[in-house]
Amino acid sequence: MEFTAKQIAQFIGGKVEGDENASVHTFAKIEEGVPGAISFLANEKYIHYVYQTKSSIVLIDSSIALTEPVTTTLIRVDNARDCVAKLLQLYASAQPKKKGIDPLAFISPKAKVGNDCYIGAFAYIADGVEIGDGCQIYPNVTIMENVKVGNNCLFYPHVSIYHDCRLGNNVVLHSGAVIGADGFGFAPNMETKQYDKIPQIGIVTIEDDVEIGANTCVDRSTMGSTIVRKGVKLDNLVQIAHNTDIGANTVMSSQVGVAGSTKVGEWCMFGGQVGISGHITIGDRVLLGAQSGVPGSLKSNQTLIGTPPMPKMNYFKSQAIFRRLPEIYKQLNALQKEVDELRNQQK
């Protein structure tokens, strides 16, 4: 599908500089531009690429001034990065959806599959499963007994959804995601000198518009439900432990780990490798920098980093002091010697 510069400008509210009939059918980075592609320039650091790019159209921030002529068609916008996101969404929505059930898929006669669904080869749909309309279930997906899935969900290859879990509408699960595996529950038994497994008889509930990355795990609860609320986005390799409650529109980068029975508020943002201890509460709109370790509850509306987390500027000041500790230690020892000598002189 092709779009002209004029159509794109009308869609995003931009101003065309050049050929308004220039057309594109794909996207490319500005330094790797090809004819028929649209690129963007939002950072003056990369301004030299606009003079040599072969992309047919370049979205460019209105604030960027050019000092040389360009051969590409420009579309001036207030925020090129945001406009690219809108165009990518439009492009993705225009792609045709797969439909039909592959003859190599297994669907239990006791399962219900909605209209206009795609189910790929070697997918397994167990007894009591209910799948809504417009879902796309790629090859080798496993959906176990009594799982309920809403409309327009997308499950990529090798997703596993354990029994009785509940998923809302527009849920996206990337390859290798595991929903509803047992929570990590074991009790030491001194008589047998081993660990007794605590049965995890709860479920996982995933609300609407959630996207979960590749090889991310959301564990079922001991009792009740682990909950991932509306609009949450989890990156690859994230671990959500049993009985947690992740608030609406919270996002987590790769390798975040949230321990059991923790409640995370709405609109939180966690950087890569953040670790959250169990049985605590994190308020709304808490931003945690990468590799932060959180041992206790946090109030709402904070930007923190470090272990334990502290305000960003305090953290950077602390790190500057930390690097000087060997030098400060020598100075402290020298001062201590001077103090000891003065005390000895006074005796």
Side-chain angles (χ1 to χ4, degrees), residues 42-46 61 63-64 78-82 84-85 183-184 206-207 209-213 215-219 226-336:
N43 188 331
E44 292 190 7
K45 176 180 173 182
Y46 303 101
D61 282 4
S63 60
I64 295 179
D78 291 336
N79 190 316
R81 194 178 299 276
D82 287 351
V84 166
F184 192 64
I206 296 178
E207 295 185 351
D209 305 316
V210 170
E211 183 159 345
I212 294 178
N215 295 316
T216 285
C217 298
V218 182
D219 291 347
T226 300
I227 303 175
V228 179
R229 297 193 182 275
K230 180 179 172 63
V232 167
K233 314 298 180 188
L234 304 180
D235 198 359
N236 305 331
L237 298 168
V238 171
Q239 163 64 23
I240 304 297
H242 56 181
N243 294 95
T244 57
D245 185 333
I246 308 301
N249 300 303
T250 284
V251 296
M252 300 183 187
S253 295
S254 181
Q255 298 181 29
V256 168
V258 182
S261 300
T262 288
K263 181 176 176 58
V264 177
E266 300 180 352
W267 291 102
C268 292
M269 300 178 68
F270 298 167
Q273 296 186 336
V274 166
I276 311 292
S277 63
H279 301 274
I280 65 172
T281 299
I282 295 177
D284 298 335
R285 299 181 186 275
V286 173
L287 312 183
L288 292 171
Q291 295 190 325
S292 297
V294 183
S297 295
L298 298 174
K299 295 181 180 179
S300 298
N301 302 307
Q302 299 188 81
T303 299
L304 306 170
I305 188 171
T307 305
M310 63 182 74
K312 184 167 62 174
M313 290 309 300
N314 289 351
Y315 173 80
F316 291 136
K317 289 177 181 178
S318 298
Q319 289 301 302
I321 294 171
F322 180 79
R323 286 194 292 270
R324 294 184 54 223
L325 279 181
E327 175 190 345
I328 293 171
Y329 181 70
K330 289 180 181 179
Q331 293 174 347
L332 184 61
N333 278 342
L335 288 171
Q336 185 63 52

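The figures that follow rest on heavy atoms only: side chains count, while hydrogens, waters and symmetry mates do not.
With sequence neighbours left out, the side-chain hydrogen bond (donor to acceptor under 3.5 Å, both in side chains) criterion links Glu211 to His174. Residues passing the side chain to side chain contact (heavy atoms under 4.5 Å, CB included) test with Leu332, sequence neighbours excluded: none. With sequence neighbours excluded, the residues that form a ring pair (Phe, Tyr, Trp, His ring centres under 6.0 Å) with Phe184 are Phe186. Every side chain to side chain contact (heavy atoms under 4.5 Å, CB included) that Gln273 has, sequence neighbours left out, goes to Gln255, Gln291. With sequence neighbours excluded, no residue satisfies side-chain hydrogen bond (donor to acceptor under 3.5 Å, both in side chains) with Gln319. Contacts of Lys230 classified as side-chain hydrogen bond (donor to acceptor under 3.5 Å, both in side chains), with partners at least two apart in sequence or in another chain: Asp209. Legend: residues meeting side-chain hydrogen bond (donor to acceptor under 3.5 Å, both in side chains) with Asn215, ordered by chain and number and at least two apart, are absent. Residues satisfying the side chain to side chain contact (heavy atoms under 4.5 Å, CB included) criterion with Asp82, sequence neighbours excluded, are Asn79.
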Show the atom names and distances, to 0.1 Å, of all donor-acceptor pairs under 3.5 Å that link a side chain in residues 234-248 to residues at least two apart or in another chain.
from, atom 1, to, atom 2, distance (Å)
Asp235, OD2, Ser254, N, 2.9
Asn236, OD1, Ala214, N, 2.7
Gln239, NE2, Asp219, OD2, 3.0
His242, ND1, Gln200, OE1, 2.8
His242, ND1, Thr222, OG1, 3.4
Asn243, OD1, Thr222, N, 3.0
Asn243, OD1, Thr222, OG1, 3.4
Asn243, ND2, Met223, O, 3.0
Thr244, OG1, Ala241, O, 2.9
Asp245, OD1, Arg229, NE, 2.9
Asp245, OD2, Arg229, NE, 3.4
Asp245, OD2, Arg229, NH2, 2.9

For residues 276-285, tabulate all N or O donor-acceptor pairs below 3.5 Å that involve a side-chain atom, not counting sequence neighbours.
from, atom 1, to, atom 2, distance (Å)
Ser277, OG, Val294, O, 2.9
Ser277, OG, Pro295, O, 3.1
Asp284, OD1, Glu266, N, 2.8

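For Asp78, the CG atom is loosely surrounded, since the number of other residues' heavy atoms within 6.0 Å does not exceed 12. The environment of CE in Met269 is sparse: at most 12 heavy-atom neighbours from other residues, nucleotides or ligands sit within 6.0 Å.
The structure places OH of Tyr315 at 12.5 Å from CG of Leu304, a figure rounded to the nearest 0.5 Å. The NZ atom of Lys233 sits 14.0 Å away from the OG atom of Ser253 when rounded to the nearest 0.5 Å.
In terms of heavy atoms, Ala80 sits closest to Ala42 at CB-CB, 4.3 Å. Residues Trp267 and Thr250 come closest through the heavy atom pair N-OG1, 3.4 Å. Between Gln302 and Lys299, the closest heavy-atom pair is NE2-O, 2.9 Å.
Within the structure, the salt bridge (Lys or Arg N to Asp or Glu O under 4.0 Å) test picks out the following pairs touching residues 318-333 (sequence neighbours left out): Arg324-Glu327. The salt bridge (Lys or Arg N to Asp or Glu O under 4.0 Å) contacts involving residues 305-319 comprise nothing, where partners must be two or more places apart or lie in separate chains.
Within the 3.5 Å criterion, the main-chain N or O of Ser63 finds no donor-acceptor partner in the side chain of Asp61.
When each of Leu288, Val258, Thr216 is checked for a side chain to side chain contact (heavy atoms under 4.5 Å, CB included) with Met252, only Val258 meets the rule.
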